[in-house]
Amino acid sequence: MASEPGTQSRVMFQTKEVEPAQRKLGKLTVKYNRKDLQRRLDIEEWIDGQLHLLYDCEEDDIPELEIDIDELLELTDEEQRSRLHELLQECGKPKEDFINGLLYRMKGLRKMSGSLKK
């Protein structure tokens, strides 16, 4: 198709507003606030330090032990206590102070979704 000099075809595109997509992104990133995440991190660091004291050894010498906070949050108080006793059965030292301290620190903590865990 030949076009005459001086006249050019124009193609116009309709643009959609970008704002709704940005709002969706904002909702996803604000699901957990910084305070909740910091509190969880503080609890995990406390657990790590207490395990060093309980087992009285270096990090490499601590038995393979995973205390899953989210798993514990799904249990009743008695089930939490029982699960912690089960996890710490190899520890020869008294563990009641650790268990009481952990359960106290977990009060009010919310379970995280799988996407943000580890």
Side-chain angles (χ1 to χ4, degrees):
M1 221 166 138
S3 61
E4 298 177 21
T7 60
Q8 296 179 349
S9 305
R10 285 186 154 187
V11 177
M12 301 290 282
F13 294 99
Q14 290 182 349
T15 59
K16 295 181 180 179
E17 290 184 32
V18 181
E19 193 174 330
Q22 289 175 343
R23 266 190 250 142
K24 282 185 181 179
L25 180 61
K27 285 181 184 175
L28 291 175
T29 58
V30 181
K31 187 169 183 179
Y32 300 101
N33 68 32
R34 174 173 253 144
K35 186 177 178 181
D36 289 343
L37 294 173
Q38 185 61 51
R39 184 168 173 217
R40 181 175 288 266
L41 178 62
D42 291 344
I43 291 173
E44 289 176 359
E45 288 175 351
W46 180 85
I47 290 171
D48 189 47
Q50 292 300 307
L51 289 177
H52 286 286
L53 295 174
L54 277 175
Y55 286 95
D56 197 23
C57 60
E58 295 299 318
E59 185 171 343
D60 295 339
D61 299 330
I62 293 177
E64 189 64 33
L65 180 67
E66 182 177 343
I67 297 176
D68 186 344
I69 294 173
D70 286 324
E71 175 189 330
L72 291 173
L73 289 172
E74 293 175 351
L75 304 173
T76 65
D77 289 347
E78 281 306 311
E79 291 171 331
Q80 289 174 348
R81 190 171 297 282
S82 174
R83 178 69 178 138
L84 288 169
H85 275 288
E86 180 184 313
L87 289 170
L88 298 169
Q89 66 186 355
E90 293 180 26
C91 178
K93 290 187 175 183
K95 38 198 168 271
E96 275 308 309
D97 287 342
F98 169 76
I99 292 172
N100 290 335
L102 178 56
L103 295 179
Y104 175 77
R105 284 168 174 76
M106 286 176 42
K107 294 280 187 222
L109 199 61
R110 294 182 308 194
K111 185 175 185 288
M112 288 187 135
S113 68
S115 62
L116 285 181
K117 276 179 43 180
K118 295 183 183 177

Asks: Evaluate the criterion side chain to side chain contact (heavy atoms under 4.5 Å, CB included) for residue pair Arg39 and Asp36; output intermediate values, then yes/no.
Replies: CA-CA 5 Å; Arg39 184 168 173 217; Asp36 289 343; 5.8 Å; no

Asks: Determine whether Glu96 and His85 satisfy the following criterion, side chain to side chain contact (heavy atoms under 4.5 Å, CB included), listing intermediate values before the conclusion.
Replies: CA-CA 9 Å; Glu96 275 308 309; His85 275 288; 2.7 Å; yes

Asks: Can you tell me if Lys93 uses its side chain to pair, donor with acceptor, with the backbone of Leu53 under 3.5 Å?
Replies: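 Between the backbone of Leu53 and the side chain of Lys93 there is a qualifying donor-acceptor contact (under 3.5 Å).
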
Asks: Indicate the atoms forming the closest heavy-atom contact of Ile99 with Arg81, along with that distance.
Replies: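 Nearest heavy atoms, Ile99 then Arg81: CG2-NH1, 3.6 Å.
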
Asks: Would you call Glu44-Arg105 a salt bridge at under 4.0 Å N-O?
Replies: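 No, this pair does not count.
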
Asks: Side-chain contact test, heavy atoms from C-beta onward, threshold under 4.5 Å: evaluate it for Ile47 versus Leu51 and give yes or no.
Replies: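 They are in contact (side-chain heavy atoms under 4.5 Å apart), so the answer is yes.
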
Asks: What's the spacing between Glu90 CD and Lys95 NZ if we round to 0.5 Å?
Replies: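 Reported to 0.5 Å precision, the distance equals 10.0 Å.
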
Asks: Determine the minimum heavy-atom distance between Leu65 and Leu87, stating which atoms define it.
Replies: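 Reported closest heavy-atom pair: CD1-O, 3.1 Å.
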
Asks: Any non-hydrogen side-chain atom of Leu103 less than 4.5 Å from a side-chain atom of Leu72?
Replies: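 Contact flag for Leu103/Leu72 side chains = no.
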
Asks: In Å, rounded to the nearest 0.5 Å, how long is the span from CD of Glu78 to CZ of Arg83?
Replies: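 Spacing of CD (Glu78) from CZ (Arg83) equals 15.5 Å.
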
Asks: On a heavy-atom basis, which atom in Asp70 and which in Arg40 lie closest, and how many Å separate them?
Replies: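 Residues Asp70 and Arg40, closest heavy atoms: OD1-NH2, 3.1 Å.
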
Asks: Testing the basics here: between Pro94 and Leu54, what is the closest heavy-atom pair and its distance to 0.1 Å?
Replies: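 So the minimum-distance heavy-atom pair works out to O-CD2, 3.5 Å.
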
Asks: Looking only at non-hydrogen atoms, find the nearest pair between Leu102 and Trp46 and report the distance.
Replies: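 Looking at all heavy atoms of both residues, the shortest contact is N-CH2, 3.5 Å.
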
Asks: In this structure, are over 12 heavy atoms from other groups packed under 6.0 Å from Asp97 atom CG?
Replies: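 No, not enclosed.
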
